[in-house]
Amino acid sequence: MLAVRLDGDTVVDERRTSNPSGRIPVADALTATVGEMLTDDVDAVGVGIAGLVEWPEGIFVWGPHVAGTGLHLRNHLESAFGIPAVVDNDANAAAHAEHTRGSARGYDHVVLVTLGTGIGGAVITDGRLYRGGSFAGEWGHTQFERNGERCACGKRGCWETVASAPALERLAADFVARNPEGTLAVRLSGQAITGQAVTRAADEGDETARGLVAQVGADLGLGLCNLIATLDPQIVVVGGGLGSVGESLLGPARRVAADAIHGGSHRMLPPIVVAEHGPSAGAIGAAMMAADLLSGTLDLERGS
Ligand SMILES: [Zn+2]
């Protein structure tokens, strides 16, 4: 969990804590973290959380990576701290940051994909966040492979089972188990096989690690191609912990998307770029939404 305090658009304090486990209710963990960050001059609080969030009520309905259901987080925070609160899906919050003050500034049609523990998503259309009824952008759970790997959501073969940090970890663990004397096994011996460890090995030039990152990038690119065919964005922004690693992932993604898009020789693929605010975009965007709520540029009833 990442918490930031903004002064204007500038991050003046930042704290990263481990995600709440099943034993610590999410609402309590949020209250504790917000309480630690609060100073006298904080006027509003914003939260971005992975999963289904009812807008504008700020009710966390359910999410495969967060414990708890039906949590009235906005009400909870407003009564705990006595200041206005806004609670949204974390990818929507990231899209708000990237669209208003980041990589997608000036674009009217934007697809944002966060790639980390899973895949989150948000759509900006005609300059406004598109929410559907409330839950639009959950394409991490679109079906990518029939009878594929089991997803955290309980289904099989969702896109995030092949394009996420856990997918990269699984690929690396399988490879190391089959090649215990290989360079990657030697490099990763004595440490946990995490997405971060594998991307670091790739950055340091390990060919196997580069190949595994490229494989995840290719599956990212195929999914992005589907989104581009569906939504025709002017730009695709990729954020999240894994999504922000850069060219080792996005290079293969761009090549696969360019190859797979229909009418590819008659159209330009939109730019596919890293989120300017990187893995912090969700937290920064939520804080920016809180600031915009105070200034009146965000209207909770209107939804954007
Ligand atoms: Zn799923």
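In listed order, ligands and their atoms are each counted from 1. Scope of the values below: all heavy atoms of this structure, side chains included, with no hydrogens, waters or symmetry mates.
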Would you find a donor on one side and an acceptor on the other, under 3.5 Å apart, between the side chain of E14 and the backbone of V4?
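No.
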Partners passing side-chain hydrogen bond (donor to acceptor under 3.5 Å, both in side chains) against D292 (at least two apart in sequence or in another chain)
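With sequence neighbours excluded, D292 shows a side-chain hydrogen bond (donor to acceptor under 3.5 Å, both in side chains) to H96, R101, given in chain and number order.
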Taking atom types as modelled, is there a side-chain donor on H72 or E54 under 3.5 Å from an acceptor on the other?
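No, no side-chain donor-acceptor contact under 3.5 Å.
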Sort by chain and number the protein N/O/S atoms that are closer than 2.8 Å to the Zn ion (ligand 1), and list them.
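Listed by chain and number, the atoms are H141 ND1, C151 SG, C153 SG, C158 SG.
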side-chain contact (heavy atoms from CB on, under 4.5 Å) involving P252 - partner list, sequence neighbours excluded:
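Applying side-chain contact (heavy atoms from CB on, under 4.5 Å) to P252 gives A214, R255.
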Report the residues that fulfil side-chain contact (heavy atoms from CB on, under 4.5 Å) with D174, sequence neighbours left out, ordered by chain and then residue number.
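Partners of D174 under the side-chain contact (heavy atoms from CB on, under 4.5 Å) test: R170, R178.
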Of all the heavy-atom pairs spanning P233 and I228, show the shortest one and how long it is.
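Closest approach of P233 to I228: CD-CA, 3.8 Å.
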